[in-house]
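Scope of the values below: all heavy atoms of this structure, side chains included, with no hydrogens, waters or symmetry mates. Chain letters run A, B, ... following the sequence lines, proteins first and then strands; every chain starts at 1.
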Amino acid sequence: MTSKKLYCNCPTNYAEVPPNTNVCPICTGMPGAKPMMPNEGAIDAAVEISLMLGCEVVKNKPIYIQRKHYDYPDLPSGYQRTSLPIAMNGVLEGVGIREVHIEEDPGQYDPVSGTVDFNRSGVPLVEIVTEPGMRSPEEARNFLRTLTRVLEYTRKVRPEAGGAMRADVNVSLEGGGRVEVKNINSIKGAYRALKFEMQRQAERIRRGEVVTRETRAYLESQMITVPMRTKEFEEDYRYIPDPDIFPIIITEEMVERIKKQMVEPPHLREKRLARQYGISPQAARVITSERELADLFERVAAEVQPQLAADWFRTKLKKVLNYVNLKARDVRFTPTQLIRLLKLVETRKIPREHGELALRELVKEPDDPERILERLGLSPPKPEELDSVVNTVIREHKQAVCEYLEGKSEVLNFLTGKVVAASRRRADPREALAILRKKLEEIREKGI
Amino acid sequence: MSDSKDQDLNPKEIERSAEEILRVFTRVIESLPVEEETYYGQELVNPLRPDGEPSPPSVRREFRKCFISIMPASDDDGKLRVEVARWAR
Amino acid sequence: MGTLEKIEAIRNGELSATENVELALERIRKLNGKLNAFLEINSKAMEEAGEVDRMLKAGEAGKLAGLTIAVKSNINVKGLRATCASKTLEDYVCPYDAEVITRIRREGGIIIGMTNMDEFACGSSGETSAFGPTDNPAAPGYIPGGSSSGSAAAVASAMCDLALGTDTGGSIRNPASHCGVIGVKPTYGLVPRQGLIDLGMSLDQIGPISPDVPGSVLLLEVIAGKNQAEGMMMDVERVSYGELNGGVKGMRIGVSPQFSNLTDPRITGVIEKKVEFLKDLGAEIVEIRLPHIEQALSAYYLIVSVEFFSATRKYDGRKYGKRIESVCGEEVLRRIMLGSYISRREYRGRYYQRALQVRTLIRKELSLALKQVDAIVGPTVPKLPHKLGTRLTPLEMYAYDYLTIPANLAGTCAGVVKAGEVNGIPVGIQVQGKPLGEEKILRVMRALEVESSKSG
Ligand SMILES: [Zn+2]
């Protein structure tokens, strides 16, 4: 997200301000208003997204900004400015990306109350057009989730913000015309609209009726699609290059600069993590679900056994974060604190269960893991304490001690368990066993 | 001519005159040599505008006032009032 | 009193800004009822003049301090109405100042009012205004020309000191010629268009109309130069035309036989006398060729219709004003229909793109001709103005624009100065220059003006 709009200097935080506050003559289509030069930040973002989707960027060639004419209440000038493709021919997890281009967002029209707020008008928008080929609503949903993750990785878009990601979907069944559905504001909405639309079309075909080529609108409140029968959406947009904006030219240097500051796309990172650290595909998927989570993982995996770290990330850390509704980018603990905690687990200084309790605490009230364990009363016992626990156990299990002295060395395990339990599971079993053995050998020599 | 606007325009007739003009003008340019198209008033290299600090709120506040005052209809929040969409009815 | 003398008088206190505004208002009261040059008077003009007088006393006078400036009604002036002389924007009170207005105010110019024009600048006679035609002060009963009809008439009748017009295919030069005043269409991209209501975005330029050449120079120096807030501008910070009185000795001046083929012989006669005179002053007269000047008209109207169609899509009646197709006049509707038709997907290539190719041809021809000379002189309008109210066909009306259109298609500059009269009707000579060649054309215009004043 840029700070300024695409063709004017109004701010882009449209959701956070009262209606028609982020507006000027340009983004409200006042008579005589001319666009400013295109916002460079928006072009950069589009190029970065294109590169992440493996597209070929259109370089050293004029990219015209076209006027797409149609009449709709949210469109202040009666046309939308939309660029020719910035990039083409990409692929994301098997789905072809036909092209990427830049548009200006229209205002927000409430079709039910009949009111318009132009705060959003002119905010830069990157449109990604896929090739046809997804075969089910589930496939489309998975693709949209994968795409969302890519967009989040760029930090240029906030797809999870309401309405910041919108989709137009096309449904075409064997024997019917292609139907476009507009007004979809979320992945869930896309899934439901597709489901509804496929059933509707299948039903018509089954009854021998014709599925005509048309544009429909998704009504979120009722989870259905309805025809947009308005003549405003006639097909001819009468494209002309905007005479007020010179075409954009993307140079090799621009692309190189963007490549340098760009991060590894999540779908590629996922595969690399699995390969490089020898972790499961499931763990790699969870770890790369957020860019910051994956960054954190790689810090941790440099010092802690990677499989152990991956397991903790997948089964524990991600769950805790979800539970307290926190994004990895918003955590307050330091990577070092997490590393120290996992090291205590790795070296079995603390049992896994205590590690988990400490982790939960680390997310909520960040601190050094040793201090957290102490706060929770879970610090490993001091030598004198462990000594006295062992003595108590020996005292209370005379029968077992006798058996040991008689040569039944396997009793040692039983006694160790008792020591660990008596320390409220804080004692390291190996350490407890060593002390026990030492003490029992002393008894064997000196007698009780 | 000044009284013509008091009469109702005849769009059909105007359309016919537009077609006539198109016919005449197309005939004139038909046979001229083929060239690249010139879309712009000057062939300039247009620099981009850096992203950065948005316009000051005071400027936008002043414009908002004027904008709302010229709207044919608005609601209490300052939204422009237009028609309800046919498909949403 | 010339523009520079008036500025001098205001500077040294012989005439206050307030008195100057009073003079203008008085003349408007007396003449506007008959001429219909102004559609709205700035009710704050006196107040603004008072402020300028205070600045003058404090020694902070700008370049235009105390001068009254009339503004064509397609330029936004905050608080006044930029109606474009259309019912569509009848009630449109501008919420902002166009960049040129900001610059004029900064230099102490006082906006005296908004002038009449052809509706949305679609016309060359001043008659398509929804608020009635403007009369020609220099030839009463005849059209003043258009589309900047009110601005030219206001200057010609001394209802203001200077005026802003706009020129898409001759809309400054045509009325300047018919009304016997000075008008300049600057190089495309020299003057900011932010706040100018579009006719053809790739052709429109704002420019000065004035009673004398120094007046146009002054106003142009104030409004010209880059504006950060828009894209299509030349890389020129500010302009200053110092060598105005340098004369034409040694200058190469082009004339074209194609001009006289299209022009009323009586007008050609007036122009030829001026060419002779330039020769006498030491200019070298060179014959140049502009073989496709006649075809430029066809290309122009196809292009302008498409751009105008696009520009008018915002007049949907929702945000302000009324839906354009419901209330506009015949010529506006015709251009919208034409533009809508030829930009259709299936016709684009055949009409619109073809016209854009001819534009390239014209641009090449004109720039080739301008390479051989410093300026090209010739008639401005090929015909004498008709009597107000005469019914012309659209094609007859468009024929007024043959000679002015090439400069817009090519993005070059051109100015007009009075050359003489035919039957008491003023005839202007057009001086055309290279892109950013304003200094040279203004020098030629000044030489012609000085000669005219001498010969009386
Ligand atoms: Zn804005």
Side-chain angles (χ1 to χ4, degrees), chain A residues 2-13 17-25 28 30 36-45 64 72-74 76 107-118 124 183 216-217 219 226-230 240-249, chain B residues 5 9 11-12 14-15 18-19 21-23 25-26 29 34-89:
Chain A
T2 54
S3 328
K4 298 194 287 199
K5 290 186 181 179
L6 191 47
Y7 299 112
C8 66
N9 284 340
C10 291
T12 51
N13 60 337
V17 295
N20 291 319
T21 306
N22 288 357
V23 292
C24 72
T28 54
M30 285 298 121
M36 294 182 178
M37 292 163 274
N39 186 334
E40 191 173 15
I43 315 293
D44 280 5
Y64 288 91
Y72 207 59
D74 62 5
Q108 286 167 296
Y109 169 49
D110 180 345
V112 179
S113 69
T115 54
V116 191
D117 169 13
F118 291 101
N183 200 37
R216 300 172 70 88
L219 293 187
V226 293
M228 277 182 131
R229 239 183 273 99
T230 50
I240 62 163
D242 191 322
D244 290 325
I245 306 168
F246 204 72
I248 299 163
I249 293 175
Chain B
K5 64 185 173 298
L9 296 179
K12 274 273 149 266
I14 297 173
E15 199 171 348
E19 282 162 14
I21 289 161
L22 181 62
R23 211 165 21 249
F25 284 171
T26 322
I29 60 173
V34 173
E35 301 263 355
E36 290 273 301
E37 292 95 40
T38 295
Y39 288 103
Y40 301 97
Q42 291 286 0
E43 295 306 311
L44 310 168
V45 177
N46 219 25
L48 299 169
R49 178 174 49 104
D51 194 24
E53 194 55 33
S55 61
S58 58
V59 174
R60 281 181 278 117
R61 239 186 331 263
E62 173 65 19
F63 174 71
R64 183 182 202 264
K65 217 167 57 198
C66 299
F67 180 35
I68 292 173
S69 77
I70 60 172
M71 287 177 183
S74 59
D75 71 5
D76 294 341
D77 301 333
K79 283 191 188 155
L80 173 67
R81 208 168 260 298
V82 297
E83 74 274 17
V84 170
R86 254 180 288 169
W87 55 266
R89 266 175 221 159

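Most heavy-atom pairs under 4.5 Å with chain A, from the set G78(B), P50(B), P57(B): that is P50(B). When each of D110(A), I43(A), N22(A) is scored by its heavy-atom pairs under 4.5 Å with chain B, the top score falls to N22(A). If you tally non-hydrogen atom pairs under 4.5 Å between each of P25(A), P18(A), C10(A) and chain B, the highest count goes to P25(A). Chosen from D44(A), V226(A), N39(A), the residue pairing most often with chain B at heavy-atom distances under 4.5 Å is N39(A). Put simply, of G41(A), P11(A), A217(A), the one with the most heavy-atom pairs under 4.5 Å next to chain B is P11(A).
Taking the six-membered ring where the residue is Trp, Y109(A) and Y72(A) present perpendicular rings, their angle passing 60° and hence far from 30°.
Using a 4.5 Å cut-off between heavy atoms, I68(B) does not touch chain A at all. For chain A, no part of E62(B) is nearby; none of its heavy atoms comes within less than 4.5 Å. Contact annotation for I240(A): neither backbone nor side-chain heavy atoms come within less than 4.5 Å of a heavy atom of chain B. Only the side chain of D75(B) comes within contact range of chain A, judged by heavy atoms closer than 4.5 Å. Only the backbone of S113(A) comes within less than 4.5 Å of a heavy atom of chain B; no side-chain atom from C-beta onward does.
Distance CG/D117(A) to CG/L80(B): 10.0 Å, rounded to 0.5 Å. To the nearest 0.5 Å, atom CZ of residue R216(A) and atom CG of residue N183(A) are 13.0 Å apart. Interatomic distance, R60(B) CZ to S55(B) OG, rounded to the nearest 0.5 Å: 4.0 Å. Between the CZ atom in F67(B) and the OG1 atom in T21(A) there is a gap of 11.0 Å [rounded to 0.5 Å].
In terms of heavy-atom proximity, M37(A) sits nearest to R49(B) at O-NE, 2.7 Å.
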Inset, instruction - Check the pair F63(B), T28(A) against side-chain contact (heavy atoms from CB on, under 4.5 Å), reporting the backbone distance first and the verdict last. - result: CA-CA 10 Å; F63(B) 174 71; T28(A) 54; 3.4 Å; yes

